[in-house]
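What follows is a set of notes on a single structure, which appears directly below.
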2 protein chains.
Amino acid sequence: MSDARLPFQQLVLASGNAGKLKELQAMLGEQVTVLPQSQFVAEEAVEDGLSFVENAIIKARHACRASGLPALADDSGIAVDALAGAPGIYSARYAGTGGDAANNAKLLQALEGLPPEQRGARFISALVLMMHAEDPTPIICEGVWHGSILHSARGEHGFGYDPLFWVPEANCSSAELSPAEKNRLSHRGKAMAQLRVRLGLA
Amino acid sequence: MSDARLPFQQLVLASGNAGKLKELQAMLGEQVTVLPQSQFVAEEAVEDGLSFVENAIIKARHACRASGLPALADDSGIAVDALAGAPGIYSARYAGTGGDAANNAKLLQALEGLPPEQRGARFISALVLMMHAEDPTPIICEGVWHGSILHSARGEHGFGYDPLFWVPEANCSSAELSPAEKNRLSHRGKAMAQLRVRLGLA
């Protein structure tokens with residue numbers, strides 16, 4: 001445990017995703033309380049950026065404005081080689097508003113008939129921490145996790161595309177990893193590890 | 001010299017600043033030809049971001065759109081402690097359209113009467129490299145250079161606030177450094193060194 005004194009004790013997570021809140025609180029440790037933006041934000045931000053980092057900035061700024069607190073946002077998604085990087089920044093809404101099940105079904109269909117060696121994919125995470133809405137130097141940390149898309153879902157943990165994401169270094173799907181194992185290996189875990197270093201926590 | 005094969009041989013520098021073009025070409029080496037955006041861009045981008053990185057993204061995207069080539073943008077400025085971080089992202093237009101001389105004069109006036117220990121400042125650079133205008137994962141590299149603001153201009157090299165920026169580790173102003181020395185120490189030099197690593201050039 002580091003003795004670093006952070007410039008804040010609370011921060012708002014600019015996300016409505018309970019899975020992300022849990023992951024991020026676990027990775028940041030007890031020194032910081034991660035508050036869900038639902039306590040402050042009436043309407044979610046319009047994520048109209050063209051890159052992960054822009055969408056993370058948009059979300060963090062929106063949460064700063066609503067709460068008056070520092071805010072952390074993650075924008076993440078999956079880029080599939082055979083789909084020229086799709087669904088990418090549109091991962092959460094790949095199949096419209098149908099959620100994880102519909103997104104996963106659409107992805108399986110898009111890759112139907114492709115053998116394992118043509119199913120390469122990577123998870124990407126951009127984390128942005130802003131002290132206030134006009135912070136001129138937000139902290140930006142990015143992580144990438146390389147793997148491939150399975151032919152069917154495996155595992156019960158995680159969320160999003162986790163059940164379809166084969167993790168070569170662990171020989172299982174991302175949804176078969178325990179939360180701690182996933183945090184150690186994942187795109188978001190790598191970005192969070194960088195953030196911990198930037199904050200003097202690691 | 002690295003043997004890395006870059007995914008491009010030319011890139012557009014999203015800047016009209018001849019000083020930056022010279023610095024960046026020197027730092028990138030011979031493997032890449034840095035083209036000035038004036039060859040492609042009729043009107044400069046509107047830099048209405050609230051952070052250095054957002055302005056760099058805006059400029060890089062504008063140059064990508066105009067040229068059809070990868071583009072590199074730098075947004076940089078100086079943040080003065082006694083001015084609560086001003087002029088910050090507004091450094092280039094601190095004194096309106098008067099350019100370097102007017103900006104430097106305004107900064108000296110703003111700090112008039114302050115002793116050296118209250119004149120701390122830092123140069124900040126955000127570099128963004130985009131492969132195309134909708135690149136979902138632009139490469140972002142940032143650098144910071146700590147120093148302080150002199151009571152009067154010194155030196156003939158560099159541009160912008162260089163004559164007023166005291167460099168403690170070199171015991172001279174930034175404008176008294178040779179271009180090579182400045183590239184080794186400066187905010188932009190540090191960001192470029194990261195970019196070279198990210199591109200496999202270093």
Side-chain angles (χ1 to χ4, degrees), chain A residues 47-62 64-65 71 73 75-81 83-92 94 121-146 187 190-191 194-195 198, chain B residues 47-62 64-65 71 73 75-81 83-92 94 121-146 187 190-191 194-195 198:
Chain A
E47 298 177 38
D48 57 1
L50 296 174
S51 59
F52 294 101
V53 71
E54 286 170 281
N55 281 333
I57 289 172
I58 288 168
K59 289 187 278 190
R61 180 171 291 135
H62 187 72
C64 281
R65 286 214 168 109
D75 199 57
S76 51
I78 195 162
V80 178
D81 299 344
L83 305 176
I89 60 169
Y90 306 106
S91 293
Y94 184 41
R122 61 193 186 281
F123 271 126
I124 295 159
S125 166
L127 275 181
V128 168
L129 176 60
M130 274 188 182
M131 294 302 130
H132 57 86
E134 305 205 352
D135 185 346
T137 52
I139 297 178
I140 298 169
C141 301
E142 295 176 289
V144 177
W145 196 16
H146 292 277
H187 52 313
K190 288 170 186 161
Q194 282 175 40
L195 182 63
R198 292 281 293 271
Chain B
E47 297 177 39
D48 58 1
L50 295 174
S51 60
F52 294 101
V53 71
E54 286 169 280
N55 280 333
I57 288 172
I58 288 168
K59 290 188 276 190
R61 181 171 289 135
H62 188 72
C64 281
R65 286 215 168 109
D75 198 58
S76 50
I78 194 162
V80 178
D81 299 344
L83 305 177
I89 60 169
Y90 306 106
S91 294
Y94 184 41
R122 61 194 187 280
F123 271 125
I124 295 159
S125 166
L127 275 181
V128 168
L129 176 60
M130 273 190 183
M131 294 302 131
H132 57 85
E134 305 204 353
D135 185 348
T137 52
I139 297 177
I140 297 168
C141 301
E142 295 175 289
V144 177
W145 196 15
H146 292 276
H187 52 314
K190 288 170 188 162
Q194 283 175 39
L195 182 63
R198 292 281 293 271

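Naming convention: chains lettered A, B, ... in sequence-line order (proteins, then strands); numbering from 1 in each chain.
B:Ala79 is linked by a side chain to side chain contact (heavy atoms under 4.5 Å, CB included) to B:Arg122, B:Ile124, counting only residues two or more places apart in sequence or in another chain.
In terms of non-hydrogen atom pairs under 4.5 Å with chain A, the most contact-rich of B:Gly85, B:Gly88, B:Pro136, B:Ala126 is B:Pro136.
When heavy atoms are compared at a cutoff of 4.5 Å, A:Ala133 approaches chain B solely by way of its backbone atoms N, CA, C and O.
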Tabulate below the donor-acceptor pairs under 3.5 Å that side-chain atoms of residues 137-145 of chain B make, not counting sequence neighbours, or state none.
unit_1	atom_1	unit_2	atom_2	d
B:Trp145	NE1	B:Glu169	OE2	3.3
B:Trp145	NE1	B:Leu185	O	3.4

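Scanning residues 52-61 of chain A against chain B with a 4.5 Å non-hydrogen threshold yields A:Phe52, A:Val53, A:Glu54, A:Ile57, A:Arg61, sorted by number.
Every pair passing side chain to side chain donor-acceptor pair (under 3.5 Å) that includes a residue from residues 125-134 of chain A is listed here, sequence neighbours excluded: A:Asp74-A:Ser125.
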